[in-house]
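A short write-up of the structure that comes next.
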Amino acid sequence: MQINNSRKPVAAAVTLLAAAFFAQGAHAGSWKFALEEVDGSVQDAYAEEFKKRVEERTNGEVTVQIYPYGTLGTSQDIAEMTGQGVLKLANASPGHLGGLIKEMNVFNIPYLLSQDNQVNKDVLTDSECIYGKLEEDFRSKGLELLTMYPEGDMVWTTQKPVRSPEDMDGIKMRTMTSPLLVAAYEAFGADPTPMPYGEVYGGLQLGQIDAQVNPIFAIEEMKFYEVTEYMIWAGQQQFTTTVVGNRDWYAGLSDDRQQMLDEVVDSMADYIFEKQAEYNEERLEKIKQAKPDMEMIELSEEEREVFREASMGVREKFVEMAGDSGKEVMQCLAAEFGTES
Ligand code: 6CS
């Protein structure tokens, strides 16, 4: 095979960069925390407050470096880099993580979470189903599951009104990359098109996709409202995320440091729940001001019920994908969320 010499300096530079990255990471007091979202996002609010609390609790012996989306790679890239130990900490959302940990697709099942977000927050913080049954799946990928939290209702932004699965016909709906989301949007009647977050604005602008789905704060900060005409609330999904650590790094922390980290993570649950509600409310107002003719459609209970029923087969697809242990987690979570499995 012929080697392209022109790539050699680039390869050498990448190797040097990686070495520098690892060397810094080896320093016990430097925790690299990568986000799937940009500056000013919900994940950024979490990481900034986490940084403040960790640095205060350790009198600056530990410093946290935050890498917002766009600085290191896609969601899949940062989850893999955390599993490999290049990063200590990251956000890894089930919308993408389901490619790596198939059981995490449970959070991509439409209408499985509660319509009451306080219930979702309580379950995601303390669930016996999650922390009792899923931890080993994370560990097998080199990850330690530290916590989960909700980021807001997932809203469709489209070029035309959608009130039924028939209206979804022919709509190229961008989804995150977890495989169950393709099944979910097929069940809703759309033509699902998975792609990374950073490509969505351009995809909408160029007409590669017609629609996308995300919480309001993200629709505002990523400017998706500029290139779509309708915002549609169907209640199908709450955006959830995990905070993960590298497994070996976490296991190798001293008892005191591990306890400090666990306490900081526990102390963050109320903070981030309030922040996401505040961000979603404020950003909706910003969208209304920036684009007064953006149409807002809230589906009625009857209209939502049609989508819910259309998606019931997705639960079987999930069980095919995640097997008996996945089914157990799904049933366990449905009981905790107070919904039907
Ligand atoms: O749509 C996505 O891909 C992304 N959306 C949010 C709100 N956070 C991270 C995720 O990658």
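When reading the values below, keep in mind they use all heavy atoms of this one structure, side chains included, and skip hydrogens, waters and symmetry mates. For reference, positions follow the sequence shown, starting with 1. Each ligand, and each atom within it, is numbered from 1 in the order the structure gives.
- Neither the backbone nor the side chain of Tyr69 comes within 4.0 Å of ligand 1, counting heavy atoms alone.
- The neighbour count for Lys121 NZ, taken as heavy atoms of other residues, nucleotides or ligands under 6.0 Å away, is above 12.
- Under 4.0 Å is where a charged nitrogen must lie from a carboxylate oxygen, and between Glu285 and Lys288 at least one such pair does.
- Relative ring orientation between Tyr46 and Phe33 is described as perpendicular, the plane-to-plane angle rising above 60° on a 0-90° scale split at 30° and 60°.
- The protein non-hydrogen atom at the shortest distance from atom 2 (C) of ligand 1 is Tyr197 CD1, 3.1 Å.
- Near Ala218, meaning under 4.0 Å from any of its heavy atoms, are these atoms of ligand 1: 7 (C).
- Between Val64 and Glu55 the shortest heavy-atom distance is N-OE2, 2.8 Å.
- Each of the following atoms of ligand 1 lies closer than 4.0 Å to a heavy atom of Ser75: 11 (O).
- Of the residues Gln238, Gln276, Gln43, the one that meets the side-chain hydrogen bond (donor to acceptor under 3.5 Å, both in side chains) test with Glu151 is Gln43.
- Closest to atom 5 (N) of ligand 1 among all protein heavy atoms lies Asn214 OD1, 2.9 Å.
- Counting only heavy atoms of the protein, atom 11 (O) of ligand 1 lies nearest to His96 NE2, 3.1 Å.
- A donor-acceptor contact closer than 3.5 angstrom is absent between the side chains of Thr74 and Gln76.
- Atoms of ligand 1 found under 4.0 Å from any heavy atom of Pro215, numbered from 1 in the order shown, are 7 (C).
- Surrounding NZ of Lys327 are at most 12 heavy atoms belonging to other residues, nucleotides or ligands under 6.0 Å away.
- Atom 1 (O) of ligand 1 has its nearest heavy-atom neighbour, among Glu221, Arg174, Glu37, in Arg174.
- Atoms of ligand 1 lying under 4.0 Å from any heavy atom of Glu36, numbered from 1 in the order shown and given with element: 9 (C).
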